[in-house]
Amino acid sequence: MALFDFQSYVQELREKVKDGTIEMWYPSILDSITEDTKFEDLPVYKEYISQFDVASTFKDSGIIGIKVPSGLEKDFDYTLLLQLVAASFSNDYELRLNSDSKFVDLMITAKSGLQKLEASQIIRLFEIYIYEQLNLEGLRMELKEEEIECFDEEFDNEFYDDFELKRQDKISEFNKMVLQLKEQPKNHRENAVIDDKPDELQ
């Protein structure tokens with residue numbers, strides 16, 4: 001059973017928005033999520049995050065996938081996590097070939113790879129990235145549907161275009177990173193095992 005539950009997190013967001021603990025650009029986006037909705041059913045996933053094609057990322061490369069924490073191999077949707085990391089506007093990441101030649105280390109910060117994180121830290125990553133994507137999708141919806149009073153229509157259109165260009169840049173960055181991985185000789189492997197944990201996840 002997956003340790004991160006999307007429905008439970010959405011309910012938590014609703015409660016935090018209601019009591020003012022957090023703010024969202026477009027809180028009504030939460031109202032469109034029913035009890036049967038999966039994150040993959042949302043427009044933000046279908047129109048943007050799904051374009052980070054993890055399923056075919058390592059096809060014909062001899063690489064199995066990303067290195068995950070021992071004992072937690074079946075506890076999280078790591079494909080979705082990689083997509084969320086790659087789609088994020090708020091962080092840098094790296095994909096490094098692991099020294100065992102079969103896996104890639106997902107380096108979310110300069111200090112630590114995914115494989116060194118604990119379950120609670122991975123849950124927190126899902127929360128951070130899904131909140132970010134829901135919030136940004138809310139902003140995108142607001143820009144599409146409403147005119148912002150203090151700006152003219154030309155400015156609004158430029159802002160929306162910049163937003164879409166940022167998305168395309170993130171997709172291109174991911175595809176370029178994957179291509180560079182595939183082009184590296186199979187006998188060249190970089191050991192990326194780091195002992196430190198990111199301070200912000202402790």
Side-chain angles (χ1 to χ4, degrees), residues 4 6 9-10 13 16-17 22-33 37-58 66 76-96 104-114 121-122 124-183 198-201:
F4 175 76
F6 174 65
Y9 183 55
V10 168
L13 286 178
K16 288 183 175 180
V17 168
I22 63 170
E23 294 182 359
M24 296 189 72
W25 275 98
Y26 204 87
S28 60
I29 194 172
L30 299 175
D31 298 334
S32 65
I33 300 173
T37 304
K38 298 178 182 178
F39 182 70
E40 291 87 345
D41 296 328
L42 300 181
V44 65
Y45 182 86
K46 292 179 178 180
E47 297 172 10
Y48 175 49
I49 296 173
S50 64
Q51 294 188 55
F52 297 86
D53 189 6
V54 176
S56 61
T57 292
F58 307 117
I66 60 172
F76 295 98
D77 184 344
Y78 292 105
T79 295
L80 176 58
L81 180 58
L82 176 53
Q83 289 177 311
L84 289 168
V85 170
S88 174
F89 288 5
S90 62
N91 69 260
D92 295 320
Y93 71 99
E94 287 184 68
L95 296 174
R96 299 182 185 175
V104 169
D105 292 323
L106 171 58
M107 309 300 293
I108 301 171
T109 74
K111 291 185 177 181
S112 181
L114 172 65
Q121 295 173 309
I122 298 174
R124 184 59 184 148
L125 286 178
F126 273 101
E127 292 175 346
I128 290 170
Y129 291 128
I130 286 180
Y131 171 74
E132 176 191 14
Q133 291 303 329
L134 291 177
N135 216 23
L136 287 174
E137 181 66 7
L139 172 60
R140 179 172 174 268
M141 291 169 65
E142 188 172 277
L143 290 170
K144 284 181 70 174
E145 296 177 3
E146 298 178 3
E147 220 175 279
I148 301 176
E149 268 183 45
C150 57
F151 301 119
D152 59 29
E153 185 177 352
E154 183 180 356
F155 184 90
D156 290 349
N157 288 337
E158 288 178 359
F159 195 93
Y160 178 77
D161 290 344
D162 286 346
F163 186 89
E164 292 300 303
L165 284 172
K166 178 67 172 176
R167 281 184 163 186
Q168 291 304 313
D169 286 345
K170 296 299 292 186
I171 294 168
S172 297
E173 176 187 359
F174 176 75
N175 290 335
K176 181 178 179 181
M177 198 177 298
V178 169
L179 181 61
Q180 290 174 340
L181 279 175
K182 289 182 175 180
E183 289 177 345
D199 295 337
E200 64 269 28
L201 295 176

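The chain is numbered in sequence order, starting from 1.
- A distance of 4.5 Å separates CZ of Arg140 from CD of Glu164, quoted to the nearest 0.5 Å.
- Taken from CZ in Arg167 to CG in Asp169, the straight-line distance is 12.5 Å, to the nearest 0.5 Å.
- Here the side chain of Ser88 pairs no donor or acceptor atom with the backbone of Val85 at under 3.5 angstrom.
- Phe163 approaches Leu136 most closely through the heavy-atom pair CZ-O, 3.6 Å.
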Solution key, residues 39-46 side-chain donor-acceptor pairs under 3.5 Å, sequence neighbours excluded:
{"unit_1": "Asp41", "atom_1": "OD2", "unit_2": "Lys38", "atom_2": "N", "d": "2.8"}
{"unit_1": "Tyr45", "atom_1": "OH", "unit_2": "Gln83", "atom_2": "OE1", "d": "3.2"}
{"unit_1": "Tyr45", "atom_1": "OH", "unit_2": "Gln83", "atom_2": "NE2", "d": "3.4"}

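- Between Phe126 and Phe76, the ring-plane angle classifies as parallel under the 30° and 60° cut-offs.
- Between Leu95 and Asp105, every side-chain heavy-atom pair lies at or beyond the 4.5 Å cut-off.
- The main-chain N or O of Phe89 is never found under 3.5 Å from a side-chain atom of Lys170 such that the two would form a donor-acceptor pair.
- Closest of all the heavy-atom pairs between Ala86 and Phe174 is CB-CD1, 3.8 Å.
- Side-chain contact between Asp77 and Phe4 is absent, with no heavy atoms from C-beta onward closer than 4.5 Å.
- Here the CD1 atom belonging to Ile108 is positioned 10.5 Å from the CG atom belonging to Leu84, to the nearest 0.5 angstrom.
- Between the CG atom in Leu106 and the CG atom in Leu81 there is a gap of 6.5 Å [rounded to 0.5 Å].
- Salt bridge status for Glu173 with Lys176: absent, with no side-chain N to carboxylate O gap under 4.0 Å.
- Side-chain contact between Tyr78 and Ile122 is present, with heavy atoms from C-beta onward closer than 4.5 Å.
- The distance from atom CZ of Phe52 to atom CG of Leu80, rounded to the nearest 0.5 Å, is 12.0 Å.
- With Tyr48 contributing its side chain and Ala87 its backbone, the two residues share a donor-acceptor pair below 3.5 Å.
- Looking at Met24 and Tyr131, their side chains come closer than 4.5 Å, going by heavy atoms from C-beta outward.
- Put simply, CE on Met107 and CG on Leu114 are 10.0 Å apart, with the number rounded to the nearest 0.5 Å.
- For the pair Ile130 and Val10, the minimum side-chain heavy-atom distance is 4.5 Å or more.
- Residues Pro27 and Val17 come closest through the heavy atom pair CB-CG1, 4.0 Å.
- For the pair Tyr129/Glu132, a side-chain contact is recorded, criterion being any heavy-atom separation below 4.5 Å from C-beta on.
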